[in-house]
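I have placed the structure first, in the form of structure tokens, so that the comments after it can refer back to it.
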Amino acid sequence: MTDPAPRIEAGAPRPRQRLSQRQASTVTALLDAGLDHLRDHGYDQITLRAVAARAGVTHTTAYNYFTSKAHLVAEIFWRHLSAVPTPSPGADLALEDRITQALNGPGLLLADEPALADAALSALLLSDPDIRRLRNAIGLDLSLRIEIAIGPDADPEVVEAVLLAFSGAMLQAGMGYFDFAGVVPRISKLAALLQPRT
């Protein structure tokens, strides 16, 4: 297993940028206001100006931290995902159960926050450099969870296959083919197929 990369914290400064305590509080206020606005109005109606007003700061201040509403939404999603603990499932469990433990938190995150789910699926597909940075952090986080679940001899191709399946299932859930709560059971079935037969 490769050494895990350091986690990027929510609202974490970009390289060469450090936030003061006041700035970090402003970022947190914007992220909280953004999630509240999403819950109340949805992704189509969110603007940085409206979120800034809700957070009690100017829109100019909001643009100091977020380049767009999509960047804000991607950061909200990353903050929530990085708060989900990474389990360390026992090696005595079947691979199917270890994968379920590893991905259940991230899978249910969007089930519990439907407005964030809709917004994140739209925002994370954009090519903005700040969104790409967050998308990479999200992919790294999910890969690490899968790698830990598989175990110390995790085959990188298996990790990638499970990650691709999870990502694809989340996208299909976002398109309404099934609900987000159904994602992890589907991936667990894949894990069962990957389990070596004895």
Side-chain angles (χ1 to χ4, degrees), residues 4-88 102-145 148 166-167 170-171 173-174 180-181 183-184:
R7 292 174 75 120
I8 300 171
E9 296 179 20
R14 287 20 159 213
R16 296 178 304 234
Q17 176 191 2
R18 294 286 174 246
L19 298 180
S20 68
Q21 186 173 358
R22 182 173 178 226
Q23 290 169 323
S25 294
T26 300
V27 168
T28 297
L30 287 164
L31 293 170
D32 290 343
L35 181 57
D36 289 342
H37 198 80
L38 277 175
R39 288 172 177 155
D40 292 345
H41 303 288
Y43 184 63
D44 290 340
Q45 300 301 315
I46 196 171
T47 65
L48 279 183
R49 186 179 290 270
V51 170
R54 194 170 194 146
V57 300
T58 67
H59 69 279
T60 306
T61 298
Y63 278 105
N64 285 334
Y65 300 103
F66 303 103
T67 56
S68 65
K69 72 177 187 177
H71 179 204
L72 173 74
V73 166
E75 193 81 52
I76 293 168
F77 178 72
W78 170 240
R79 176 173 71 160
H80 281 72
L81 176 63
S82 62
V84 174
T86 302
S88 297
L103 296 177
N104 206 42
L108 293 179
L109 167 63
L110 293 182
D112 294 341
E113 288 286 356
L116 178 57
D118 290 342
L121 288 170
S122 295
L124 288 169
L125 294 175
L126 300 179
S127 61
D128 174 89
D130 287 313
I131 295 171
R132 188 169 38 251
R133 175 186 59 83
L134 291 165
R135 193 170 53 233
N136 290 341
I138 291 164
L140 179 63
D141 182 272
L142 293 170
S143 292
L144 182 59
R145 290 171 191 272
I148 289 169
F166 181 73
S167 301
M170 294 295 276
L171 184 60
F180 285 103
V183 168
V184 174

- List the steps, then state whether side chain to side chain contact (heavy atoms under 4.5 Å, CB included) holds for Thr28 with Arg79. CA-CA 10 Å; Thr28 297; Arg79 176 173 71 160; 3.9 Å; yes
- Should Leu48 and His59 be marked as a side chain to side chain contact (heavy atoms under 4.5 Å, CB included) after you check the CA-CA gap, both sets of side-chain angles, and the distance that decides it? CA-CA 6 Å; Leu48 279 183; His59 69 279; 5.8 Å; no
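A distance-only check finds no donor-acceptor pair linking the side chain of Arg49 to the backbone of Ala62 [under 3.5 Å]. Side-chain N or O atoms of Arg145 include one that pairs as donor or acceptor with a backbone N or O of Pro85 at under 3.5 Å.
Atom-to-atom distance recorded for His80:NE2 and Leu110:CG is 10.5 Å, nearest 0.5 angstrom. Rounding to the nearest 0.5 Å places OG of Ser122 at 7.5 Å from CG of Asp44. For the atom pair Leu81 CG and Asp141 CG, the distance stands at 4.5 Å (nearest 0.5 Å). How far CG of Asp32 is from CZ of Arg54: 11.0 Å, rounded to the nearest 0.5 Å. Here Asn64 contributes atom CG and Thr58 contributes atom OG1; the two are 7.5 Å apart, rounded to the nearest 0.5 Å.
Of all non-hydrogen atoms in Val73 and Ala123, the two that sit nearest each other are CG1-CB, 3.9 Å. Heavy-atom minimum distance, Ala70 versus Leu126: CB-CD1, 3.4 Å. Nearest heavy-atom pair across Val51 and Ala33 is O-CB, 3.7 Å. Minimum interatomic distance between Gly174 and Leu121 (heavy atoms only, all atoms of both residues): CA-CD1, 3.2 Å. Listed here is the closest heavy atom pair of Pro106 and Ala102: CD-O, 3.7 Å.
Checking Tyr63, Tyr65, Trp78, Phe66 one by one against His71, the ring-ring contact (aromatic ring centres under 6.0 Å, His included) holds for a single residue, Phe66. Among Val27, Ile131, Leu30, Leu31, the single residue meeting the side chain to side chain contact (heavy atoms under 4.5 Å, CB included) criterion with Glu75 is Leu31.
Every pair passing salt bridge (Lys or Arg N to Asp or Glu O under 4.0 Å) that includes a residue from residues 109-122 is listed here, sequence neighbours excluded: Arg39-Glu113.
Looking at residues two or more places apart in sequence or on another chain, you find no salt bridge (Lys or Arg N to Asp or Glu O under 4.0 Å) involving Asp128. For Ser143, the side-chain contact (heavy atoms from CB on, under 4.5 Å) partners two or more places apart in sequence, or in a different chain, are Val159, Leu163.
In this structure, the side chains of Leu38 and Tyr43 come closer than 4.5 Å at one or more pairs of heavy atoms. Contact annotation: the side chain of Leu72 approaches that of Ile46 to within less than 4.5 Å [non-hydrogen atoms, C-beta and beyond].
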